[in-house]
Amino acid sequence: MSSEKVRTRFAPSPTGYMHVGNLRTALYAWLIARKNHGTFVLRIEDTDQERKIEGAVDLIYRTLEETGLDHDEGPDVGGDFGPYVQSERMAAGIYMKYAEELIEKGYAYRCFCTKERLDDLRKHCEENHEQTKYDRHCLSLSKEEIQKNLDAGIPYVIRQKMPDSGTTSFHDEVYGDIEVENSTMDDLILIKSDGYPTYNFANVVDDHLMGITHVVRGSEYLISTPKYNLLYDAFGWEKPHYVHVSPVMRDAQRKLSKRDGDASYADFINKGCLKDALLNYVALLGWNPGNDREIFTLPELIEAFDISGIGKSPAIFDEVKLRWLNSEYIRAMSQDEFLKHAMPFIKQAVKREDVNFDVIAAGLHKRTEYFSDVIPQLDFVDKLPEYSADLYINKKMKTDKENSLQALLLLKPELEKFEDWDHEKLYYKVVDIAEKAGINKKVLLWSMRVALSGKELTPGGGSDIAAIIGKEDSLRRIDKGIELLQQQ
RNA sequence: GACCUUUUCGUCUAGUGGUUAGGACAUCGGCCUUUCACGCCGGUAACGGGGGUUCGAGUCCCCCAAAGGUCGCCA
């Protein structure tokens, strides 16, 4: 691996969304390239014309750019191995040329079977609990018959001819040596009847032509890889290193999928998850650095990453841990930085402008895992919620409705006189009031906080809430509290 | 059904024949505290099962079980 120039690729099919499992595959491929001062290539695998989605490729560009997984070659940035879009490569006749070479060499053959015949065959196999395998009906066609079919314009596919006996084995960098009996391998379709290559063929041709040294992909390709190697051998091409990665799971049974929602990169970002935290988390799903470290920036990941740290078993995506990791990133921010990131979410909850955003930020900073967490915490700011007088009863704070009323009555005139409505000064003022009155400050602060927020839990104490909503509103809410308690 | 793969605390994992089986998240308890949170301290918690090999097995071998993957003119 030292003498060759490492080249890896990310080869998504444009499905219109970036799944976190996909993102992890891209990250590993990128890390292997960067770690080895190699090249990271983006290739678009759009050979399924029926599943084309508008704008899907742009989403891939955007996500890679946003996450910092920059590619050195690709459809948008060019490179010496283009085109980088398979449909364009197909139009250039690349795949057909190689498929025909295979036919000439006897490693592939044309198949004119109809879908109906194939379906019947499959059904028959299933009924007999056999592995579905093509019966090679067209392998024995004579040259004349083939020509006749061709002349008649009968659609055909090109199939890879598997060896009849023996075994094929290969080495995977994470799974080790895998051996498969040739007799269990079906004759893969290489070229579809619409002339497009299948993934099975295109990936081999393109990886070779693009000089890919390390193929990073999901473990679902593990069992097909011997077939691909047979193709490399048929062409006399050098085989790449294989790095198959286990799937990311939703739970013990199900793979993470778009159906279960929230599996896409964009969803996490919209919730207020930081891209660095997501990348960091995803890197650790199925890979470990060999020590106890858990927080890594992208450059630090490049430094620490090694294929040998990739695990074989599937990993369950644990959003609780992602939240923790994201909160670690948030806590590491300065308060200004926090406010900058949180502001769009704060604005969703707070429409009024005459509030102290700095105090809001100070209160929220350590109470935020995803930025969207701030929204429900601020629902008392614009408008005092309806609340029950029972909120004033708190055993730990030694409050009841009676002493809370006394506290608010005591507080009101003092705060009316208080002009310097500063966050800290307010706190000391309240403490001072409590001391002079000879009562526990907790009683004062608790009842104050309840009166100002109408909530049991708030991002900050009584004086903080007062600083947030301002003097005028504070006094008004204290009046309301007094009124509520007097009705009891 | 056939073939391939996987299996250590609830979760992510460390561990490559001799460990009190380590860490992190979660959880529980305590401390701190103007509520909650943060922070700090501490606890509970795992080698899928059964056979071998060995003085000694989470680590090596075999069998079983469970789960995932493949068996598409999807990738």
Side-chain angles (χ1 to χ4, degrees), chain A residues 11-13 15 45-48 50-51 111 113 115 118 122 125-126 128-133 155-159 172 175-176 178-181 183-186 188-200 202-203 217-226 244 246-247 249 251-255 281 284-294 309 311-325 327 331 363-369 377 391 394 396-397 427 430-431 434 441-446 448-450 453 455-465:
Chain A
S13 56
T15 59
E45 309 222 328
D46 61 343
T47 54
D48 188 350
E50 287 177 18
R51 296 195 192 180
C111 169
C113 289
K115 282 190 177 151
L118 260 19
R122 213 185 329 269
C125 287
E126 276 167 18
N128 293 314
H129 293 290
E130 286 167 16
Q131 185 194 352
T132 49
K133 225 176 136 185
Y156 66 92
V157 301
I158 299 178
R159 284 182 185 272
D172 184 82
Y175 283 90
I178 309 272
E179 187 178 60
V180 177
E181 303 240 357
S183 61
T184 66
M185 303 199 273
D186 196 12
L188 285 184
I189 291 174
L190 268 19
I191 301 284
K192 309 178 210 178
S193 55
D194 64 1
Y196 276 86
T198 58
Y199 168 85
N200 300 127
N203 93 83
R217 55 158 68 125
S219 62
E220 65 267 30
Y221 297 105
L222 209 50
I223 200 163
S224 309
T225 300
H244 285 96
S246 61
M249 309 291 285
D251 54 46
Q253 275 74 36
R254 290 175 304 167
K255 220 168 133 170
Y281 176 70
L284 258 12
L285 261 190
W287 171 81
N288 81 84
N291 55 45
D292 289 339
R293 186 163 173 199
E294 303 214 77
K312 301 184 232 231
S313 43
I316 297 173
F317 189 94
D318 182 5
E319 194 167 356
V320 174
K321 184 144 188 183
L322 203 212
R323 288 189 77 102
W324 166 78
L325 192 62
S327 75
R331 281 171 215 148
L364 253 16
H365 196 168
K366 301 292 165 65
R367 279 172 254 250
T368 304
E369 292 189 321
Q377 297 187 74
L391 265 189
N394 186 291
K396 190 179 155 202
M397 296 299 120
Y427 174 69
V430 176
V431 172
K441 67 177 178 180
K442 289 188 178 184
V443 174
L444 218 53
L445 285 159
W446 175 269
M448 179 182 178
R449 202 183 53 76
V450 170
S453 69
K455 294 184 74 180
E456 193 178 4
L457 272 36
T458 50
S463 59
D464 303 306
I465 307 302

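The sequence lines fix the lettering, A, B, ..., with proteins before strands; numbering per chain opens at 1. From a predicted model like this one, the values you see are computed outputs, not experimental measurements.
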Expressed in whole Å, how much space separates the [atom1] atoms belonging to [N] and [M]?
N      : M      : atom1 : value
G43(B) : G58(B) : P     : 24 Å
G50(B) : G42(B) : P     : 36 Å
C3(B)  : U16(B) : P     : 34 Å
C60(B) : A14(B) : P     : 14 Å
U53(B) : G69(B) : C1'   : 32 Å
G15(B) : U34(B) : P     : 45 Å
U33(B) : A37(B) : P     : 15 Å
C64(B) : A2(B)  : P     : 11 Å

task: Compute whether any side-chain donor of one residue and acceptor of the other, for Arg217(A) and Thr225(A), lie under 3.5 angstrom apart.
output: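 Checked: Arg217(A)/Thr225(A) side chains pair up, N/O donor to acceptor below 3.5 Å.
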message: Hydrogens and angles aside, do His365(A) and Arg331(A) bring a side-chain donor and acceptor to less than 3.5 Å of each other?
response: no
[X] [atom1] to [N] [atom2], straight-line distance once rounded to whole Å:
X         : N      : atom1 : atom2 : answer
Arg51(A)  : G72(B) : CZ    : P     : 14 Å
Tyr281(A) : U13(B) : OH    : P     : 8 Å
Glu220(A) : G68(B) : CD    : P     : 15 Å
Asn203(A) : A75(B) : CG    : P     : 10 Å
Lys312(A) : U13(B) : NZ    : C1'   : 15 Å
Leu445(A) : U34(B) : CG    : P     : 8 Å
Ile178(A) : G69(B) : CD1   : P     : 16 Å

With distance as the sole criterion, do the side chain of [X] and the base of [N] form a donor-acceptor contact below 3.5 Å?
X         : N      : answer
Ser463(A) : U34(B) : yes
Lys321(A) : A26(B) : no
Thr132(A) : C71(B) : no

- prompt: What pairs with Arg51(A) under side-chain contact (heavy atoms from CB on, under 4.5 Å), at least two apart in sequence or on another chain?
  reply: Asp48(A)
- prompt: So what does Arg323(A) hit on the nucleic acid, given a heavy-atom distance under 4.0 Å: a base, only sugar-phosphate, or nothing?
  reply: nothing
query: Any donor-acceptor pair under 3.5 Å linking the side chain of Tyr175(A) with the backbone of His244(A)?
result: no
query: Is the aromatic ring centre of Tyr427(A) closer than 5.5 Å to the centre of the six-membered base ring of U34(B), with the two planes inclined by less than 30°?
result: yes
